Amino acid sequence: MAVKRILILTASFGEGHNAAARNLKEGFMHHGEGDVEVRVEDIFRNAYGWLDVLSEKVYLGVINHLPSVWQWFFDVLHDTNFLKKQAPLLGPAKRELQRLIKEFKPDWILSTYPGCNYLLSILYPQPEIRPFRHATIVTDSITINKVWHQCFTDFYFVPNRDSAEILEERGIDKERIIDFGFPVPPEFAELKTNRQYPPETGVWKILYVINAAHRTATPLVERLLQISGIQLTVTYGKDEALGRTLKTCAKKLGKEISLYGWTPEMPRLMKENHVIISKAGGATVQECLAACSPMIASQIVPGQEVGNGILLERYNAGLIAETPEKIIAAIEDAMAHQGAPFKAWHEGAKVLSRPRASLDIAKFLLDQK
């Protein structure tokens, strides 16, 4: 049996793109049994190096400190052909992608970042003569920018039915839209949930995932530690200084806290906790839902993340609370009502849960002739 070659294209503008790419690779390797070769490549990082690193830092700075500027740019991308006009600047990226395709000879190319679709359309303006098939993994929900579907692709994989309907309304053929879910780590499909609402111990487990707004993290942790009847776990990523600050904070208050830096145990932590507090990034929200864990969205980037907030509230899978005061009030209110809001949020998250998405997408594509 011939080995199928899968080339997954990503970019470092938002962790959701990279997370989707990594998880898809795991999904393919699970099904491949030695008959699949998978490569994950960041074409823009390969082509532009330090300039791409600088662009990523500017992007993160804008979305966190100048959200109105990012909203303006998001609207420009949505309403104009801005990306197509940048074709003259994409020479190095185009050549890098051309080199990869010639060297690797992929059967399938998967894009988790829409800019990669433009590169393919420049290299292969006639889809019918492409030596590969192409699928786009849409990492946003509901507020889907038009840049995702302005270039040809064989299939669009979307996180949920609501997002599929958006593409259908824009004229995309239903047969090309597959709503298997956002590709989360395959571990989510294996882990079992045994949370109780309310818990027998009387202690509610709260997970605070810090992936933005580090300046407000310590004051929020201080407030959370002062709520009686909760067990607080905090992940702080690679910011070791913040981790030390949080440890000192808990010690001064005489409170217990579980602290994690970067950890591969996120699926387990999400499955164990009753509610998760975090920024409404595409990957984070979908991982919470895969774990059937409701979410309190503490920050929403204008544009692509607005749809995530809409999704949470539309299905009562959590709520939006963008200040420490609102977050504390939401938790205390849920606890005061014997955990009824927590339980209702949990049921809402279950409706949207797609823990097998990476596996299902991989199997679907491998089965294609």
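Predicted model only: the values in this text are computed from it and were never measured.
Panel note: side chain Ser121, backbone Tyr118; a donor-acceptor pair is recorded below 3.5 Å.
For Phe132 and Trp108, the distance between ring centers is not under 6.0 angstrom. Ring to ring, Tyr124 and Phe152 are not that close: their centroids are 6.0 angstrom or more apart. Checked against a 6.0 Å centroid threshold, the rings of Tyr59 and Trp70 count as neighbours. Taking the six-membered ring where the residue is Trp, the centroids of Phe157 and Phe182 are separated by 6.0 Å or more.
Salt bridge status for Lys4 with Asp107: absent, with no side-chain N to carboxylate O gap under 4.0 Å. With respect to the salt-bridge test (charged N to carboxylate O, under 4.0 angstrom), the residues Glu103 and Arg99 qualify.
In this model, no donor atom of one side chain and acceptor atom of the other lie less than 3.5 Å apart for His17 and Asp42. A donor-acceptor pair shorter than 3.5 Å can be found between the side chains of Glu41 and Asn46.
In terms of the salt bridge (Lys or Arg N to Asp or Glu O under 4.0 Å) criterion, Lys57 has no residue partners (sequence neighbours excluded). Applying the salt bridge (Lys or Arg N to Asp or Glu O under 4.0 Å) criterion to Glu222, with sequence neighbours excluded, gives no partner residue.
Figure legend: Arg39 and Phe104 shown as a cation-pi pair, the cationic atom lying under 6.0 angstrom from the six-membered ring centre and within 45 degrees of its axis.
Between Tyr197 and His274, the two ring planes are perpendicular [angle over 60°; tilted spans 30° to 60°].
Side-chain heavy atoms closer than 4.5 Å link hydrophobic residues (I, L, V, M, F, W, Y) into clusters, and following such links, even through other members, never connects Ile331 to Val209.
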